[in-house]
There are 2 protein chains.
Amino acid sequence: MKYSKQREMIIRTLDGNTSHPTADAVYEELRKELPNISLGTVYRNLKQLAEQGEIRSLNGLDGKTHYDYNVEQHYHFICRKCNKVYDVSKTVAQNIKTEVFGQTGLEVEDCDIILKGLCRNCQKQQ
Amino acid sequence: MKYSKQREMIIRTLDGNTSHPTADAVYEELRKELPNISLGTVYRNLKQLAEQGEIRSLNGLDGKTHYDYNVEQHYHFICRKCNKVYDVSKTVAQNIKTEVFGQTGLEVEDCDIILKGLCRNCQKQQ
DNA sequence: TACAATAATAGTAATCATTACTAGATTTTA
DNA sequence: TAAAATCTAGTAATGATTACTATTATTGTA
């Protein structure tokens, strides 16, 4: 992989961003600094970085793919009212791989848990 | 909701089908009996039925939305080799709602668990 | 049974997220 | 510094899904 300024900025945009942005959100953010950056470049780099395990892609939240700089195993909660995405510690389903293998013989390599409901803020406003 | 033959056939196609088909797969299946059925009709009905809780829609498996006649809480495993979707009992993450609420205060209304890996058949052939 | 009101359908066009393509620009290697 | 390799911007294409519309089917009622 060859260096490019665009890729570096894409990674920097994700790092320190806890909002789990989509490709389009990263693009809009980057345009402020790099007005000529192409949406295709953002999509291509995010996809590649995820394939190499440098970042993590999240599906099933809504229609779109979201990206996460945090590649540690953890799960996600999306609020049905404000659509904000929260991280959830993997301790809530600690032994899922061994449990599934024990019960079914299916060999789990990857696990996504997607939780939906009301976040604390939106609970209050109810 | 008014009766229609098309909707009845869509439900019947899902019932007794354990393969978690996409809208397009249901359409292809139905065309054998109802050659003039429209793809849009299949999409519209599956979406409505899922909104009413009569069937369940599954996202995050691959790019497409899959449908499941089984609305009982349970989870899914997709084989990365043969792409077959398997049901997994909810007992593997029994108390996830209360655990998440206890740890984070997030009020979980719905939980999807998507597991990826190798099914038993594909393990053997390895 | 007939009739109007309502909702569904087939078929096609439109939309949205994402990927593919291409000529030209950058980075790397020797 | 020049050739080889990879990247980018910009645009076109793709694929899943939804919207639209004229027509048809279902349903409640006289």
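In what follows, chains carry the letters A, B, and so on, assigned in the order in which the sequence lines appear, proteins first and then strands, with residues in each chain numbered from 1.
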Salt-bridge criterion met for A/Lys5 and A/Glu8 (N-O under 4.0 Å):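 No, A/Lys5 and A/Glu8 are not salt-bridged.
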A/Asp110 and A/Lys97 ion-paired at < 4.0 Å: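 No.
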Heavy-atom donor-acceptor pair, A/Glu107 side chain to B/Gly117 backbone, under 3.5 Å: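 No; zero donor-acceptor contacts below 3.5 Å.
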Whether A/Thr91 side chain and A/Gln94 backbone form a donor-acceptor pair below 3.5 Å: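 No, because the side chain of A/Thr91 does not come within donor-acceptor range (under 3.5 Å) of the backbone of A/Gln94.
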Position toward the 5' end of DNA chain D (nearest nucleotide), A/Asn36 or B/Gly63: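 The residue closer to the strand's 5' end, by nearest nucleotide, is A/Asn36.
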Nucleotide of D/dT8, D/dT17, C/dT9 approaching A/Thr41 most closely (side-chain heavy atoms):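 The nucleotide sitting nearest to the side chain is D/dT8.
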Salt bridge (charged side-chain N to carboxylate O under 4.0 Å, His left out) evaluation trace for B/Asp62 with B/Arg80: CA-CA 10 Å; B/Asp62 51 23; B/Arg80 69 164 153 81; over 6 Å; no
[atom1] of [X] versus [atom2] of [N]: gap in Å, rounded?
X: B/Tyr27; N: C/dT9; atom1: OH; atom2: C1'; value: 13 Å
X: B/Gln6; N: D/dA25; atom1: CD; atom2: C1'; value: 9 Å
X: B/Leu49; N: C/dA7; atom1: CG; atom2: P; value: 17 Å
X: B/Asn59; N: C/dC16; atom1: CG; atom2: P; value: 19 Å
X: A/Gln52; N: D/dT6; atom1: CD; atom2: C1'; value: 13 Å
X: A/Leu39; N: C/dT18; atom1: CG; atom2: C1'; value: 9 Å
X: B/Leu30; N: C/dA8; atom1: CG; atom2: C1'; value: 16 Å
X: B/Glu8; N: C/dT9; atom1: CD; atom2: P; value: 12 Å

Categorize [X] for me: base, sugar-phosphate, or nothing, with a 4.0 angstrom heavy-atom threshold over every strand shown.
X: A/Thr22; answer: nothing
X: B/Asp24; answer: nothing
X: B/Asp62; answer: nothing

Tell me whether the side-chain N/O atoms of [X] come closer than 4.0 Å to OP1 or OP2 in [N].
X: A/Asn45; N: D/dT8; answer: yes
X: A/Arg7; N: D/dC7; answer: yes
X: B/Ser38; N: C/dT12; answer: no
X: A/Arg44; N: D/dC7; answer: no
X: A/Lys64; N: C/dT18; answer: no

Modelled atom types, side-chain donor and acceptor of B/Asn59 and B/His66, under 3.5 Å: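 The criterion, which ignores hydrogens and geometry beyond distance, is not satisfied for B/His66 and B/Asn59.
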Just the table, please: protein N/O against nucleotides 25-30 of chain C N/O, every pair under 3.5 Å.
| unit_1 | atom_1 | unit_2 | atom_2 | d |
| --- | --- | --- | --- | --- |
| C/dT27 | O2 | A/Lys2 | NZ | 3.2 |
| C/dT28 | OP1 | A/Tyr3 | N | 3.4 |

4.5 Å side-chain heavy-atom contact, A/Leu61 and A/Ile114: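 Side-chain contact under 4.5 Å: yes.
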Heavy-atom side-chain proximity of A/Leu46 to A/Ile10 below 4.5 angstrom: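 Side-chain contact under 4.5 Å: yes.
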